[in-house]
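For reference, the structure discussed in these notes is given below.
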Amino acid sequence: MNILHTATSPFTDQKPGTSGLRKKVRVFQTSHYLENYVQAIFNVATDLNGGMLILGGDGRYYNVQAIQTIIKMAVANGVRHIKLGQAGLFSTPAVSHLIRKYRAAGGLILSASHNPGGPEGDFGIKFNTANGGPADTQFTDQVYAESLRIAAYRLAEMEDVPLEAPAHFQYGETLIEVIDPVSDYAELMEHIFDFKKIKALFSSGLFTLCFDAMHAVTGPYATEIFQRRLGASTGSVINALPQEDFAGGHPDPNLIYAKELVAHLNGSSKAPNLGAASDGDGDRYMLLGRNFFVNPSDCLAVMTANAHLLSGYKQGLNGVARSLPTSRAVDKVAETLGIDCYETPTGWKYFGNLLDDRRITLCGEESFGTGSDHIREKDGIWAVLFWLNLVAIKRQSVEEITRAHWARFGRHYYSRHDYEGLDSDLAEQLMENLRARTETLKGQEYAGHVITDCDDFSYTDPVDHSITEHQGIRILFEDESRIVFRLSGTGTEGATLRVYLERYENDPALHNIETQVALADMINIARELAELQTRCGREQPDIVT
Ligand code: G1P
Ligand code: ZN
């Protein structure tokens, strides 16, 4: 087979963010742009030469074109075995699982997660290493460095590979396998959870589910697992057909974007008992009870407190971890259970070492991501199955389970306010100003709340001792309230400031306040401290979750 060496010159903006390289579709369509970045990955991930690659994406616009290019580059770069998802589909959790199961050298996931798709939308590439998890910062820094000096890329001269049906093809020394994207993953779920019990719950006639796949990758997974294997009624999975532009929607499973699901769950006494939605690539989820929202930080805490009841976790938990901005609800549970609780920077990659070193079993982020040591990614369908299994054991509603949890551990009111599309320089200056004040803020009082601690979060990985700095400004108050400020690392336009607000309330009589009302003091203090109005001219956040 003929291998073409194409001369190219570097792009200066291929620095991966929180989760791989994410850009507008039209940027990826610039000639050589995709090829340069993929070649940079092959140059760094030398184990791919002679090894196996898992390749697929969330079905968004440009997914299939990018896959065809990457196949030709993989063949030219000596990959011996490529496993592709049928129709180019793989969820992020499925890729993580396949890498581990088949001992692949790595996986490429084509997704911009919850960002909108379509020709005007976003595209992205994430590389996961042999442990199944997102490549670490050292790796992504090397890829970036490589992208800045790249002079040529390699491409095999071959036809496009048909992706429509499972099949095998041999191209030169490379075996290309198109596989059903769901079956390996579904098998893993059957192994972890008590499908018999969940099936009995559905067949009792007392319980219904609504899962909103948001026209993204989880449609086929949810249909197979919830409807076919667990017996949820037909129609339990809505928006199940993956579409290139997510039917014009925003595949972000939160109360704002998963409107259809929220409408199903609210109101009538015939509403489903449990609702869930998933994002573009299937790693995030939102969980709802009937007329009831469980925030992701609470989800992690409830799971931690109850994991021992599930057969898959009956041996107990090694420890838990949460990202810095995630509420400290799980910390309370860990304290009671006497297990370690780690606070990490934002991004799933920081959980990898803790999972590999068996220091933790469960971990999560406030941004609708929870996972366990079964793979090295957050996992939306897994999380929904965890809740289904828990409901099947307890025979209580989502609301009852959550309220009982608050009564035992106290409630952490929690919200995230996002200010989007800020001028990047102004946003940097805003953060710099807070950073400069961390020392002087200590001991000061705002609206009756005394600041006990304030810093710019820095993380030393306990396993490899690497240090990650400037991860967000943490402001802790005497009454266990907390504010965190950080800039998003996944945006593709301007800067997004994320303000994370939290208040702890131990008194069950005070567990029924509307979240934004409960957090009013923190919201005002955050606005004052950040000088949002004077610096960025913003009164109100764009998104409140
Ligand atoms: C966001 C989330 C973060 C998550 C990441 C990738 O990153 O906040 O928790 O790990 O997407 O899905 P951010 O835009 O805040 O950098
Ligand atoms: Zn995602």
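Just so you know, ligand 1 is whichever comes first in the structure, and atom 1 is the first atom listed for that ligand.
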Legend entry - Any N or O of S367 closer than 3.5 Å to N or O of ligand 1: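 Yes: some nitrogen or oxygen of S367 is under 3.5 Å from one in ligand 1.
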Inset, instruction - Ignoring angles and geometry beyond distance, decide whether Y500 reaches within less than 3.5 Å of ligand 1 through its nitrogen or oxygen atoms. - result: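 The answer is no, given that Y500 and ligand 1 share no N or O pair closer than 3.5 Å.
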Inset, instruction - Look at E365 together with R322 and state whether they make a salt bridge at an N to O cut-off of under 4.0 Å. - result: no
Legend entry - Spacing of CG belonging to L110 relative to CD1 belonging to I125, to within rounding of 0.5 Å: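 Answer rounded to 0.5 Å: 5.5 Å.
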Inset, instruction - Find the distance between OG1 (T218) and OH (Y285) and round it off to the nearest 0.5 Å. - result: 14.0 Å
Inset, instruction - Provide, to 0.1 Å, the distance between atom 16 (O) of ligand 1 and the closest protein heavy atom, together with that atom's residue and name. - result: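 Here the closest protein heavy atom is G489 N, 2.6 Å.
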Inset, instruction - Considering heavy atoms of the protein only, find what lies nearest to atom 7 (O) of ligand 1 and give residue, atom and distance to 0.1 Å. - result: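 It is T490 CG2, 3.5 Å.
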Inset, instruction - Angle at the Zn ion (ligand 2): provide the value between OD2 of D279 and OD1 of D281, rounding to 10 degrees. - result: 90°
Inset, instruction - Could you tell me whether ligand 1 has any atom less than 4.0 Å away from a heavy atom of R416? - result: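 Yes, R416 has a heavy atom closer than 4.0 Å to ligand 1.
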Legend entry - 4.0 Å heavy-atom contact, G347 with ligand 1: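 It does, in that a heavy atom of G347 comes within the 4.0 Å cut-off of ligand 1.
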Inset, instruction - Answer yes if the ring centres of H215 and F246 are under 6.0 angstrom apart, and no otherwise. - result: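 Ring centres of F246 and H215 not closer than 6.0 Å.
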Legend entry - Ligand-residue contact atoms, ligand 1 with R486, heavy atoms, under 4.0 Å: 13 (P), 15 (O), 16 (O)
Inset, instruction - Within a distance under 4.0 Å of any heavy atom of R498, pick out the atoms of ligand 1 and give their elements. - result: 8 (O), 13 (P), 14 (O), 15 (O)
Legend entry - Y37 six-ring centre to K23 NZ/CZ under 6.0 Å and within 45° of normal: no
Inset, instruction - Give me the ring orientation class for F28 and Y33: parallel if the planes are under 30° apart, tilted from 30 to 60°, perpendicular past 60°. - result: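 If you compare the ring of F28 with that of Y33, the planes turn out perpendicular.
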Legend entry - Between T92 and K126, a side-chain donor and acceptor under 3.5 Å: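 Yes - a donor-acceptor pair under 3.5 Å links their side chains.
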Inset, instruction - Say whether H114 and R284, considering side chains only, have a donor N or O and an acceptor N or O under 3.5 Å apart. - result: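 Side-chain D/A pair, H114 to R284: present.
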Inset, instruction - Give the single entry among K378, R284, R22, E365 that approaches atom 1 (C) of ligand 1 most closely by any heavy atom. - result: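 That would be R284.
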Inset, instruction - Output the atom name for the N/O/S atom of D283 with the smallest distance to the Zn ion (ligand 2). - result: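 Closest to the Zn ion (ligand 2) among those atoms: OD1.
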Legend entry - Main-chain N/O of A427 paired to Q429 side chain as donor or acceptor, under 3.5 Å: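 Checked: no pair found.
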Legend entry - Short N/O/S contact of D58 with the Zn ion (ligand 2) (below 2.8 Å): no
Inset, instruction - Check whether any N, O or S atom of S111 sits under 2.8 Å from the Zn ion (ligand 2). - result: no
